[in-house]
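Written below as structure tokens is the structure these notes are about.
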Amino acid sequence: MIRPGSRGFALIAATLTCAACGSGAAPLPDPPVVRSRDGLAEMTLTATRATDGRHAFAFDGQDVAPTIRIAPGDTLRIHYVNALPPAAPRAILAAPMNMSNLHFHGLSVSPDRPADDVLEMMAMPGEALDYRVAIPRHHLPGLHWYHTHPHGESHQQVLDGMSAALIVEGIEAYAPQVRGLRERVLVIRASDIEHDPHAAAARARVEVDRASCGESHDPVERVFTINGVLRPEIAMAPGERQFWRIVNAAADRYVDIAIPDQRFEVVAYDGQPIADHDPAHPTRLVDHVLVPPAGRVEAIVTAPARGGRSVFRTRCVDTGPDGDPNPAMVLADIATAKGAATPATSATVVSRPAPPSRLIDAQPLEREPPAFTLVFSEDRRGFYINGLKFTADAAPMVRAKVGTYQHWLVVNDSRELHPMHIHQVHFLAFRENGQAIADPRWLDTVNVSAGGSVDVLMDFTDPVIRGMSVFHCHLLNHEDKGMMAKILFE
Ligand SMILES: [Cu+2]
């Protein structure tokens, strides 16, 4: 049972205790759900300190934030209360102010107050914010997530777990394959075990495989949890197909997800159904998927027909000579047994006719020279975009005309990976390190390899997305230290 104010560490400790006593892993819990009714989803969410000192979202008497499920055309209203303690009066240099706010990562909505605004909307301790986010009728269905986004303090808050899933309903209209399947929402977080007395046991529990993974010799300071549990157990019936909606909510780590001897039947990346741009081939079969921090994958997973045990794992991610260790480890056990069949979720079925696909002829646009080149760089003093650190009063680095597509070249001039994210907008990643990508993906967060580059086609055509916004590196410690810039959609 989840005790209020003790989710992060206590659940890890509880799981370890359970593993040590030989009674098996904890089942994967489902987060609470907030659904829209009559076109409105409403909730109060509170930023608080858990008893273990971590930042947390409090909701409905517990410190587990809900999955928000909302349909195109609906409105999301959140009363967000900052109940974090005020900063000490004689704050030491760089001490956090405990300011907070929300970002609705992946939603194609207005970047202006009272919607997805991370620049002007900010609550200091004792203050509250009232979000009102209108989901356009033309919004694509898919998995997104929400998390805090106060520049300078984002990393610690998201690292501590201030995040949850947000689903725009209706994906079965794009991928009928998922209809009737048991659905699971998997929020992967990277738990900080740097100062945890159980760190060695936690690393052993998830079978951290340090061997030949990257060049860093730093200690492994993160272990992944799913829905707050270290290495939970996911039950499936033999041959059962389940629909897994996976978000990498880690503040500063990649996952490269795999299930040995199985393939993912991917339906959407970053909340963008594949069928939207390739209706004749709505799924992709893949052995593994590299999911950068903030990335999402929605895929059908099939249990072995004969039953038995398997694992859901992350493979080694080599983050580059200056990157953090990101080794292979086990994310969850998959227990396949007769009788383990779980009833299909009674998810809200949004009955809609098959939608028109957003088919564009990208090739002429891709051949145009880049309208903007974005360069990530870093040194001992900080992290930069085009040589500049983010400042609150900075002018927009880029202006984008609403109604257009724009070719951007994203360059990584450093010795570690950086995931590039732009708020509200999606883009087609079509070239990597100068080579055409065989099966280009629509994304909102893309990995850029160390010393490499990615060419993307930004979609600025949505008339709802108008105003001042940002793009940044989604390793949030980099964002906090300057790797963010403004864009004006006009
Ligand atoms: Cu970065």
Side-chain angles (χ1 to χ4, degrees), residues 33-36 39-43 45 57 65-80 101-121 129-149 154 158 162-171 174 185 187 245-249 268-273 276 293-298 348 350 355 358 400 402 419-427 442-446 458-472 474 487 489:
V33 176
V34 167
R35 267 178 224 284
S36 56
L40 181 66
E42 267 186 302
M43 62 190 254
L45 190 69
F57 279 146
T67 300
I68 297 170
R69 307 193 69 118
I70 195 162
D74 289 352
T75 298
L76 170 62
R77 292 178 71 158
I78 300 179
H79 182 60
Y80 184 51
N101 63 5
L102 295 175
H103 168 47
F104 304 94
H105 186 122
L107 285 188
S108 302
V109 296
S110 168
D112 284 345
R113 183 188 292 264
D116 190 24
D117 171 11
V118 298
L119 291 170
E120 303 292 329
M121 292 181 80
L129 296 167
D130 282 290
Y131 288 93
R132 189 182 174 93
V133 185
I135 314 295
R137 286 204 166 276
H138 59 260
H139 202 289
L140 282 173
L143 172 65
H144 303 290
W145 65 300
Y146 60 100
H147 62 86
T148 69
H149 207 295
S154 298
V158 174
M162 297 180 84
S163 58
L166 193 165
I167 291 171
V168 179
E169 303 278 18
I171 201 162
Y174 286 77
V185 173
V187 180
R245 314 186 85 168
I246 303 162
V247 49
N248 180 4
Y269 294 105
D270 287 5
Q272 307 294 294
D276 181 51
R296 287 88 69 209
V297 179
E298 296 171 78
T348 310
V350 182
R358 190 181 48 177
V402 176
M420 192 280 290
H421 169 54
I422 182 165
H423 286 206
Q424 293 93 31
V425 167
H426 285 78
F427 51 79
W442 282 93
L443 302 168
D444 58 46
T445 308
V446 67
M458 290 284 179
D459 179 354
F460 298 128
T461 61
D462 191 332
V464 170
I465 305 166
R466 189 178 286 276
M468 193 74 86
S469 193
V470 293
F471 52 96
H472 60 89
H474 222 291
I487 180 168
F489 308 120

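All values derive from a computational prediction rather than experimental measurement.
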Side-chain donor or acceptor of Asp270 paired with backbone N/O of Thr445 under 3.5 Å
yes

Interatomic distance, CZ@Arg35 vs CD1@Ile70, rounded to 0.5 Å, equals 12.0 Å

Scan Leu40, Leu166, Val109, Val34 and name whichever one has a side chain to side chain contact (heavy atoms under 4.5 Å, CB included) with Leu76.
Leu166

To the nearest 0.5 Å, tell me how far Phe471 CZ sits from Met458 CE.
8.0 Å

Please examine the side chains of Trp442 and Asp276, heavy atoms only from C-beta on, and report whether any two atoms are closer than 4.5 Å.
no

For Thr461 and Asp459, which I'm curious about, is there any donor-acceptor pair between the side chains at under 3.5 Å?
yes

Test item: His426 and Leu140 side chains (from C-beta on) under 4.5 Å apart, heavy atoms
no

How far does CG of Asp444 sit from NE2 of His474, to the nearest 0.5 angstrom?
8.0 Å

Determine yes or no for a side-chain-to-main-chain donor-acceptor pair under 3.5 angstrom, with His103 supplying the side chain and His423 the backbone.
no

To the closest 0.5 Å, what do you measure between CG (Leu119) and CE (Met468)?
7.5 Å

Closer than 3.5 angstrom, by distance alone: can the side chain of Asp74 be matched with the main-chain N or O of Ala71 as a donor-acceptor pair?
yes

Do Asp462 and Gln424 have side chains that approach each other closer than 4.5 Å (heavy atoms only, starting at C-beta)?
no

Does any non-hydrogen side-chain atom of Pro66 lie less than 4.5 Å from one of Leu45?
yes

Under a 3.5 Å distance rule, please check whether Glu298 uses its side chain to pair with a backbone N or O of Leu143 as donor and acceptor.
yes

Using 0.5 Å steps for rounding, measure from the OG atom of Ser108 to the NE2 atom of His144.
6.5 Å

Give a yes or no on whether the backbone of Leu102 and the side-chain of Tyr131 come within a donor-acceptor separation of less than 3.5 Å.
yes

Taking atom types as modelled, is there a side-chain donor on His149 or Asn101 under 3.5 Å from an acceptor on the other?
no

So do Val187 and Trp145 actually touch side chain to side chain, heavy atoms under 4.5 Å?
no

Any side-chain heavy atom of Val425 sitting closer than 4.5 Å to one from Phe460?
yes

Is there side-chain contact between Ile135 and Leu107, with at least one heavy-atom pair below 4.5 Å?
yes

Measuring from atom CG of Leu443 to atom CD of Gln272, what distance do you get when rounded to the nearest 0.5 angstrom?
8.0 Å

Please answer whether the main-chain N or O of Gly73 pairs with a side-chain N or O of His139 as donor and acceptor at a distance below 3.5 Å.
no

Is Arg132 close to Arg77 at the side-chain level, that is, under 4.5 Å between some pair of heavy atoms?
yes

Trace of the side chain to side chain donor-acceptor pair (under 3.5 Å) decision for His105 with Ser163:
CA-CA 10 Å; His105 186 122; Ser163 58; over 6 Å; no

Is the closest basic N to carboxylate O distance between Arg466 and Asp112 below 4.0 Å?
no

If every non-hydrogen atom of Ala115 is compared with every non-hydrogen atom of Met121, which pair is closest and at what distance?
O-SD, 4.0 Å

